[in-house]
Each structure stands twice: as C-alpha cells, then as structure tokens.
There are 2 protein chains.
Amino acid sequence: MSEVVAIPVLSEEQATARLREHGILPTQQRLQIAQVLLTRDQHLSAEQVLELVNATGKSVSKATVYNTLGLFAEKGILREVNVDPIRAFYDTNSSAHHHFYNVDTGELSDIDSGQMPVEQLPVAPAGTVVDEVDVIIRVRNADPVKP
Amino acid sequence: MSEVVAIPVLSEEQATARLREHGILPTQQRLQIAQVLLTRDQHLSAEQVLELVNATGKSVSKATVYNTLGLFAEKGILREVNVDPIRAFYDTNSSAHHHFYNVDTGELSDIDSGQMPVEQLPVAPAGTVVDEVDVIIRVRNADPVKP
DNA sequence: CTGGCGATTTAGACAAAGTCCAGGCAGCGG
DNA sequence: CCGCTGCCTGGACTTTGTCTAAATCGCCAG
Ligand SMILES: [Mn+2]
Ligand SMILES: [Mn+2]
Ligand SMILES: [Zn+2]
Ligand SMILES: [Zn+2]
C-alpha cells in the first residue's frame with residue numbers, strides 16, 4: 001500500500017507575493033517550487049527539491065528545478081550553501097547567518113545569530129569587493145563515552 | 001613544437017621526510033604527487049594535480065591521484081577546501097587559516113592570519129564536537145569606475 | 001635467491017550532480 | 001485568432017569522483 005504523507009505547502013497567494021516582491025514572474029512551476037520550499041527554514045539539495053515537488057502530485061522537470069533554484073538564489077529568495085563538493089544546498093533562510101555542518105550525517109543547521117560575533121572583516125584583495133561571508137563550522141559526532 | 005616548462009619540484013628526500021612525518025608510506029606515486037604539490041602554498045583541484053604530475057613526465061593514474069589526495073588530507077598534509085559545488089580544492093597550507101574566493105575568476109587566496117580575528121565559537125549541537133572552522137569570504141571583481 | 005603476501009596502483013566501467021539543446025507550450029498584446 | 005517572447009521539457013551530454021578486478025610492488029621468510 002502506498003503511504004500518504006501530508007506535505008505542508010504555502011498558499012498560492014503567499015507564494016505569488018513572495019515571487020513578485022523579488023521581481024520574479026510567477027509561473028506555474030516556480031509557484032509549485034516556492035510553495036513546497038518557502039514554508040519554513042530548511043536546507044535542501046536540488047534533488048531533494050525535485051522529489052519534494054513531485055511528491056505533491058504536480059510534476060516539474062529536473063531542468064526547471066535547477067533553473068528555478070538558480071534564479072531564486074540570484075534574486076535573493078534562496079541562498080546557495082556550499083559545504084560539500086558533491087552537491088549544493090539551498091537555504092530558505094536568505095538572511096545573513098552561518099552554519100554547522102555535521103560531516104558524519106551531512107546535516108546542516110543554522111547558527112543562532114548573536115551566538116556568532118560579527119568579526120571585523122579583512123581587507124579584500126585589490127580590485128574586488130566582498131559579496132558574502134560564509135562561516136561553516138564542521139562538527140563530528142562525539143565519540144561515545146569511555147568506560 | 002612542444003613547449004618545455006620547468007615545473008618546480010621538491011627533492012625526493014624532502015618529500016619522503018614530509019610523508020614519514022605524517023605516517024604515510026612513501027611510494028613512488030605518493031612521492032611524485034608530494035614533490036609537485038608541496039613546493040609552495042597553493043590551492044589545486046584533483047584534475048589540476050593530475051595534469052601537473054603528468055606534465056613532469058612521470059605518470060600517475062586518476063584513481064591514485066584521488067586516493068592520494070584523500071589520504072594526504074586525512075593525515076593532515078593537505079586541507080580540503082569546499083567553495084564550489086562542482087569540485088574540491090586541496091590546500092597545501094594545512095594550518096588553520098581562512099580564504100577569499102573570487103566568484104568571477106574562481107581564484108582562491110589565503111587570508112593573512114592576524115587580519116582575521118579569532119572569533120569566539122558558538123556552542124556545537126548536542127552530541128557533536130567541532131572539527132574545523134572554515135571562513136570563506138566570497139568576493140566579486142569591483143565594477144569598473146563610473147565616468 | 002625465490003615464492004608468498006598484504007598493500008598499492010591501474011584502466012576503465014560506473015555513478016551522481018549539473019548543464020545544454022532543440023522543440024513544444026503558455027500567455028499576453030494586438 | 002495570431003504571433004512573439006519567454007518558459008518548460010526530455011533526454012543527451014559533461015564533469016567530477018568512486019568502484020572494481022586484475023596487475024604490480026616491496027618486503028621478508030625460508
Ligand atoms: Mn569528496
Ligand atoms: Mn552551480
Ligand atoms: Zn541556514
Ligand atoms: Zn589556503
């Protein structure tokens with residue numbers, strides 16, 4: 001028997017509004033993606049987004065998922081997070097914040113801003129301007145206690 | 001006509017010593033790789049290392065380059081740097097330091113330690129311990145001056 | 001020496017993530 | 001209703017990296 005899982009989605013109106021705010025034309029597919037993504041703070045890979053969207057019944061192609069995530073990141077709705085050379089993650093929390101990355105589980109979690117002092121930045125190389133500061137704290141599962 | 005370019009290499013003795021210090025058995029291939037890599041601070045992708053080694057005349061297989069870079073990173077001779085979802089970079093400066101990443105050129109450069117205040121770390125998630133802190137400052141080429 | 005043995009290396013098949021392309025579709029303005 | 005522009009799509013393709021099975025290496029006991 002097939003399992004039915006409720007996937008929380010944003011209303012179409014709210015999704016449309018979010019896209020418009022960022023100057024993105026709200027097409028069918030972009031709305032599908034926005035509705036499943038923007039319900040809460042989460043960190044998902046492109047493949048996970050593809051699965052999630054298609055799990056809601058509506059289907060969106062791989063090419064469109066990649067194009068849309070790229071567009072959303074460019075327009076500032078999403079933030080691309082690079083912790084792993086094998087895939088990118090997209091972060092629905094686009095405000096400036098940092099991450100813990102558990103190298104054992106692959107889990108990515110936000111660092112509570114305020115926990116992380118905003119350090120003074122070093123001078124950027126000549127001819128360049130700072131775009132973004134990413135702090136990734138790699139953590140491992142603690143060893144089980146010794147007897 | 002083929003161009004002859006001098007590729008600086010570490011002496012075999014020095015390379016052997018570096019490997020032994022880190023508990024790595026110095027085989028032919030590992031020495032080849034160590035000799036071209038460990039001459040100076042640099043940030044190279046696996047494919048670049050493969051080209052560089054093979055440009056010295058001696059040839060090492062792709063599988064061995066990947067295995068060796070992984071081993072060197074595990075043993076602490078190299079540090080893997082993830083800035084780009086499509087490939088990993090290996091950093092011959094294995095001491096704790098941070099990076100500028102030019103998103104326009106793909107260039108990776110070290111941040112002079114001392115320029116980067118050592119921030120107090122947030123508390124790691126329950127059951128985990130901090131392994132490494134990576135700070136990546138993404139920079140863009142500055143726009144050409146307006147008239 | 002010589003044979004054996006675990007560790008290393010290798011070519012090439014394979015896999016995963018992402019990009020590209022040519023054709024089809026959607027939706028708006030006229 | 002037509003035509004234009006941008007968007008979407010399946011599927012081929014590329015790149016980076018991993019895996020496998022067989023060959024080779026370095027070393028040592030006999
Ligand atoms: Mn890897
Ligand atoms: Mn990318
Ligand atoms: Zn986040
Ligand atoms: Zn470095």
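Just so we're on the same page: letters track the sequence lines, and every chain starts at 1. Because the structure is a prediction, the values reported are computed rather than measured.
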Without placing hydrogens or testing angles, list every side-chain donor-acceptor pair under 3.5 Å for residues 11-19 of chain B, not counting sequence neighbours.
{"unit_1": "B:Ser11", "atom_1": "OG", "unit_2": "B:Gln14", "atom_2": "N", "d": "3.0"}
{"unit_1": "B:Ser11", "atom_1": "OG", "unit_2": "B:Gln14", "atom_2": "OE1", "d": "3.4"}
{"unit_1": "B:Thr16", "atom_1": "OG1", "unit_2": "B:Glu12", "atom_2": "O", "d": "2.7"}

*asked:* Going by side chain to side chain donor-acceptor pair (under 3.5 Å), name the residues that satisfy it together with A:Ser109, two or more places apart in sequence or in a different chain.
replied: none
*Whole angstrom is fine here: how far is it from CD1 in A:Ile24 over to P in D:dG6?*
17 Å
*Using a 3.5 Å cut-off on both pairing distances, which stems of three or more Watson-Crick or G-U pairs include DNA chain C?*
C:1-30 with D:1-30
_Set of residues satisfying side chain to side chain donor-acceptor pair (under 3.5 Å) with respect to A:Glu132, sequence neighbours excluded_ = A:Arg79
*What integer distance in Å separates B:Gln32:CD from C:dT8:C1'?*
15 Å
*asked:* Each nucleotide in nucleotides 7-16 of chain D should get exactly one letter: B, S or -. Can you fill that in based on protein heavy atoms under 4.0 Å?
replied: SSBB-----S
*Provide, to the nearest angstrom, the distance between the CG atom belonging to B:Leu19 and the P atom belonging to C:dA7.*
19 Å
*Would you kindly give the CG-to-C1' distance between B:Leu50 and C:dT9, to the nearest whole Å?*
14 Å
_Suppose we screen for salt bridge (Lys or Arg N to Asp or Glu O under 4.0 Å). Which residues come up paired with B:Asp41, at least two apart in sequence or across chains?_
none
*So which pairs with a foot in residues 53-85 of chain A pass ring pair (Phe, Tyr, Trp, His ring centres under 6.0 Å), sequence neighbours left out?*
none
*Hey, could you give me each pair passing ring pair (Phe, Tyr, Trp, His ring centres under 6.0 Å) that has a residue in residues 15-62 of chain B? Not counting sequence neighbours.*
B:His43-B:His99
What pairs of donor and acceptor atoms, side-chain ones from residues 32-39 of chain B against any protein atom, are under 3.5 angstrom apart with sequence neighbours left out?
{"unit_1": "B:Gln35", "atom_1": "NE2", "unit_2": "B:Leu10", "atom_2": "O", "d": "2.7"}

